[in-house]
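Just so it is clear, the structure is predicted and the values come from calculations on it, not from any experiment.
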Amino acid sequence: MSSPSTPRSAEGPRAARGRPPRLDQGRTARAALDLLDEAGLDALTMRRLADAVGVQAGALYRHFATKQDLLTVMAERMLEGCSAPPPEGDWSERLTVLAHRMRTALLAHRDGARVYAGTHSTGANTLGFAETLVGVLREAGFRDEDAARAVLAVVNFTVGHTLEEQAALQPVDSAAAEAGPADPDRLRRAVAAQDFPHLTAALPVLTSTDFAAHFAFGLNLLVQGLRATERNGPAGAAEARP
């Protein structure tokens, strides 16, 4: 396992005499995640990353042809540890543990969901996590195609929910916050100014920042839908025939 990067100081990589530090993908990805946590995705540039690891910007392109390649490696690193088999239990309980594990991994880094969205890593962490998810469903008796689509639904829901969660909780010093952070009072005022009785009744939940509860509810809907698929699968259809 690569060692974590050390922030550059007056006695850091650039100041040291002799050959420049050896650049490796793992160390660079760790430094990129450190910069992400410090300043957010919008401030993460190849030039700034190169400065953090003590190399010229051009040296980074030997490992990352584009910034998207860098984000893919960062996303892969974020999922480290997520592929471990969940505790024994019903398939729905195991699936729920894995989904929560992924959300936690994305929330562990500022803009983590934005980094992950749109990446397509084929690294051990990403493929291992997908393998564990698919395995839980296949072992429960789901057809291969249903298991695959269920994994896509769970991952997409988790990433999308976390995107919204992190956007709503932007640090006050972020560039996005300059345009006005998510403010529940704005929605309350807009609803109160017009005649929206159904929205008024739902406002306590719509303006709540209990994102863990929101996530748990949505994930439960997915699980219940999968239960219906399980009941109406080939075995269930056969049992229903006269």
(request) Would you confirm whether Arg94, through its side chain, and Pro87, through its main-chain N or O, come within 3.5 Å as a donor-acceptor pair? (result) yes
(message) On a heavy-atom basis, which atom in Thr132 and which in Pro85 lie closest, and how many Å separate them?
(response) CG2-CA, 4.3 Å
(message) Between Asp51 and Arg47, does any side-chain N to carboxylate O distance fall below 4.0 Å?
(response) no
(message) I'd like to know if the side chain of Glu93 and the backbone of Asp90 have a donor-acceptor N/O pair within less than 3.5 Å.
(response) yes
(request) Could you tell me whether Arg149 atom CZ has more than 12 heavy atoms of other residues or ligands within 6.0 Å of it? (result) no
(request) Give a yes or no on whether a salt bridge exists between Arg110 and Asp34, defined as a side-chain N under 4.0 angstrom from a carboxylate O. (result) no
(message) So Leu79 and Cys82, do their side chains get closer than 4.5 Å, heavy atoms only?
(response) yes
(request) Go through the structure and list residues passing salt bridge (charged side-chain N to carboxylate O under 4.0 Å, His left out) with Arg103, not counting sequence neighbours. (result) Glu165
(request) Please indicate whether Arg189 has more than 12 foreign heavy atoms, meaning atoms of other residues, nucleotides or ligands, lying under 6.0 Å from its CZ. (result) yes
(request) First locate atom OG1 of Thr229, then atom CD of Gln224, and finally report the distance between them rounded to the nearest 0.5 Å. (result) 11.0 Å
(message) So does Thr66 get a backbone contact from the side chain of Asp69, meaning a donor-acceptor N/O pair under 3.5 Å?
(response) yes
(request) May I ask whether Phe129 and Val97 are part of the same hydrophobic cluster, defined by side-chain heavy atoms of I, L, V, M, F, W, Y residues being less than 4.5 angstrom apart, directly or through others? (result) no
(message) Restricting to non-hydrogen atoms, name the atom on Val73 and the atom on Ala29 that form the minimum distance, rounded to 0.1 Å.
(response) CG1-CB, 3.7 Å
(request) With sequence neighbours left out, write down each residue that passes salt bridge (charged side-chain N to carboxylate O under 4.0 Å, His left out) with Asp210, or none if nothing qualifies. (result) none
(message) Please check this pair: side chain of Asp111 against backbone of Gly40, looking for a donor-acceptor N/O pair closer than 3.5 Å.
(response) no
(message) Testing the basics here: between Leu226 and Ala150, what is the closest heavy-atom pair and its distance to 0.1 Å?
(response) CD2-CB, 3.5 Å
(request) Mind listing the closest non-hydrogen atom pair of Leu35 and Ala52 along with its distance? (result) CD1-CB, 4.0 Å
(message) In this structure, is the centre-to-centre distance between the rings of Phe217 and His214 below 6.0 Å?
(response) no
(message) Applying side-chain contact (heavy atoms from CB on, under 4.5 Å), can you list everything that pairs with Thr119, at least two apart in sequence or on another chain?
(response) Gln68, Leu71, Thr72, Ala75, Tyr116
(request) Report the distance from atom CE of Met46 to atom NZ of Lys67, rounding to the nearest 0.5 Å. (result) 8.5 Å
(message) If we ignore hydrogens and angles and just use 3.5 Å, is the side chain of Glu76 paired with the main-chain N or O of Thr126 as donor and acceptor?
(response) yes
(request) Before accepting this row, confirm whether a basic side-chain N of the pair Arg138/Asp146 lies closer than 4.0 Å to the acidic partner's carboxylate O. (result) no
(message) Would you call the rings of Phe157 and Phe215 parallel, tilted or perpendicular, taking 30° and 60° as the class edges?
(response) parallel
(message) Using only atom types and a distance under 3.5 Å, with no angle test, would you say the side chain of Arg27 pairs donor to acceptor with the backbone of Val53?
(response) yes
(message) To the nearest 0.5 Å, what is the distance between NE2 on His198 and CG on Leu203?
(response) 13.0 Å
(message) Closer than 4.0 angstrom, basic N to acidic O: yes or no for Arg188 and Asp185?
(response) yes
(message) I'd like to know if the side chain of Ser208 and the backbone of Pro204 have a donor-acceptor N/O pair within less than 3.5 Å.
(response) no
(message) Could you measure the distance from the CG atom of Leu219 to the OG atom of Ser92? Nearest 0.5 Å is fine.
(response) 9.5 Å
(message) Using side-chain contact (heavy atoms from CB on, under 4.5 Å), reason through His63 and Thr28 one step at a time and then give a plain yes or no.
(response) CA-CA 9 Å; His63 291 279; Thr28 305; 5.6 Å; no
(message) Would you say Leu133 ends up clustered with Leu127 if hydrophobic residues are merged whenever their side chains have heavy atoms under 4.5 Å apart, either directly or through other cluster members?
(response) no
(request) Would you mind reporting whether Val115 and His109 have side-chain heavy atoms less than 4.5 Å apart? (result) no
(message) If I take atom CG from residue Leu70 and atom CG from residue Leu44, how far apart are they, to the nearest 0.5 angstrom?
(response) 6.0 Å
(message) When you measure from the side chain of Arg101 to the backbone of Ala84, do you find a donor-acceptor pair of N or O atoms at a distance under 3.5 Å?
(response) yes
(request) Compare all side-chain heavy atoms of Arg77 with those of Gln25 and state whether any distance is below 4.5 angstrom. (result) no
(request) Quick one: closest heavy-atom pair of Pro86 and Val136, and the distance? (result) CG-CG2, 4.3 Å
(request) Taking all non-hydrogen atoms of both residues into account, name the closest pair between Leu137 and Trp91 and its distance. (result) CD2-CE3, 3.9 Å
(message) With rounding to the nearest 0.5 angstrom, report the CD to CG distance, Gln166 to Leu107.
(response) 5.0 Å
